[in-house]
Amino acid sequence: QVQLVESGGGLVQAGGSLRLSCAASGSGFGFNVMGWFRQAPGKQRELVAHIYRSGNTNYADSVKGRFTISRDNTKNTVYLQMNSLKPEDTAVYYCHAVGSITGTVHWGQGTQVTVSL
């Protein structure tokens, strides 16, 4: 049973920083892709950033230059360093991971990030 456990959300003022972590367990073969989506109230869930096992990354245009995604393959953990946060970054952030063998997409429970003026 794959589980993704997120941590690091919270309340921060605009211009501040937060670091999200997501530890994946239950897969002996690891994950090809790990990353973060977010969902703000009344909006659809959107991609924030992906990182592949190789280290290649993708970012949403809205976070480029402010957010950095990284991963530790030995720990099946993905991180999201968020700097220069804006009120529009307020959302529930969901970790996701794609199983290397099955291709199954797994989701975390979500962590709230709130950026105040």
Side-chain angles (χ1 to χ4, degrees):
Q1 183 86 7
V2 172
Q3 285 191 319
L4 304 182
V5 179
E6 300 139 333
S7 60
L11 173 64
V12 66
Q13 287 189 326
S17 298
L18 284 174
R19 187 184 192 225
L20 304 183
S21 299
C22 172
S25 62
S27 172
F29 301 101
F31 303 93
N32 280 335
V33 182
M34 300 184 77
W36 299 89
F37 280 69
R38 67 186 181 186
Q39 188 167 18
K43 294 188 177 182
Q44 289 189 331
R45 191 173 295 191
E46 63 176 3
L47 172 68
V48 177
H50 271 153
I51 183 166
Y52 294 82
R53 187 190 293 268
S54 63
N56 289 340
T57 58
N58 290 321
Y59 292 94
D61 287 344
S62 59
V63 306
K64 283 180 181 177
R66 300 188 298 122
F67 291 10
T68 302
I69 191 169
S70 60
R71 66 186 283 176
D72 184 336
N73 290 330
T74 65
K75 298 179 180 179
N76 283 331
T77 300
V78 62
Y79 307 96
L80 186 68
Q81 179 66 43
M82 304 185 294
N83 298 329
S84 302
L85 282 161
K86 305 175 181 180
E88 50 263 45
D89 295 316
T90 295
V92 178
Y93 284 68
Y94 295 93
C95 174
H96 78 104
V98 181
S100 294
I101 301 299
T102 65
T104 302
V105 179
H106 305 280
W107 294 94
Q109 78 283 0
T111 185
Q112 177 70 46
V113 171
T114 303
V115 184
S116 63
L117 289 170

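The shown structure was predicted, so the numbers you read here are calculated from the model rather than taken from an experiment.
- Considering only heavy atoms from C-beta on, Tyr52 comes within 4.5 Å of Asn58 through its side chain.
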Side chain to side chain contact (heavy atoms under 4.5 Å, CB included) between Thr90 and Gln112, worked out
CA-CA 8 Å; Thr90 295; Gln112 177 70 46; 4.0 Å; yes

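- Of all heavy-atom pairs between Ile69 and Gly35, the closest is CD1-CA, 3.8 Å.
- Transitive grouping of hydrophobic side chains (ILVMFWY, heavy atoms separated by less than 4.5 Å) keeps Tyr79 and Met82 in distinct clusters.
- Linking Ile, Leu, Val, Met, Phe, Trp and Tyr residues whenever their side-chain heavy atoms come within less than 4.5 Å leaves Phe37 and Tyr59 in two separate clusters.
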What pairs of donor and acceptor atoms, side-chain ones from residues 91-101 against any protein atom, are under 3.5 angstrom apart with sequence neighbours left out?
unit_1	atom_1	unit_2	atom_2	d
Tyr93	OH	Arg38	NH1	2.9
Tyr93	OH	Asp89	O	2.7
His96	NE2	His50	NE2	2.8
Ser100	OG	Phe29	O	3.2
Ser100	OG	Gly30	O	3.1
Ser100	OG	Phe31	N	3.3
Ser100	OG	Asn32	N	3.3
Ser100	OG	Asn32	OD1	3.4
Ser100	OG	Arg53	NH2	2.5

Using a 3.5 Å cut-off and no angle test, enumerate the donor-acceptor pairs between side-chain atoms of residues 16-23 and protein atoms at least two apart in sequence or in another chain.
unit_1	atom_1	unit_2	atom_2	d
Ser17	OG	Asn83	OD1	2.9

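- By the 4.5 Å heavy-atom criterion applied to side chains, Trp107 and Arg45 are counted as neighbours.
- Of all heavy-atom pairs between Lys64 and Asp61, the closest is NZ-OD1, 3.1 Å.
- Contacts of Lys43 classified as side-chain hydrogen bond (donor to acceptor under 3.5 Å, both in side chains), with partners at least two apart in sequence or in another chain: none.
- If you take OG1 on Thr68 and CZ on Arg66, they are separated by 11.0 Å, rounding to the nearest 0.5 Å.
- Hydrophobic clustering, with ILVMFWY side chains joined whenever heavy atoms are under 4.5 angstrom apart, keeps Val33 apart from Leu80.
- Counting heavy-atom neighbours within 6.0 Å of Gln3 CD, excluding the residue itself, gives a total of 12 or less.
- Other residues, nucleotides and ligands place no more than 12 heavy atoms under 6.0 Å from the CD atom of Gln13.
- Connection of Val2 to Met34 is established within a shared hydrophobic cluster, with ILVMFWY side chains joined at heavy-atom distances below 4.5 Å, either directly or through further cluster members.
- A continuous path of hydrophobic side-chain contacts links Val105 to Leu47 [ILVMFWY only; heavy atoms under 4.5 Å].
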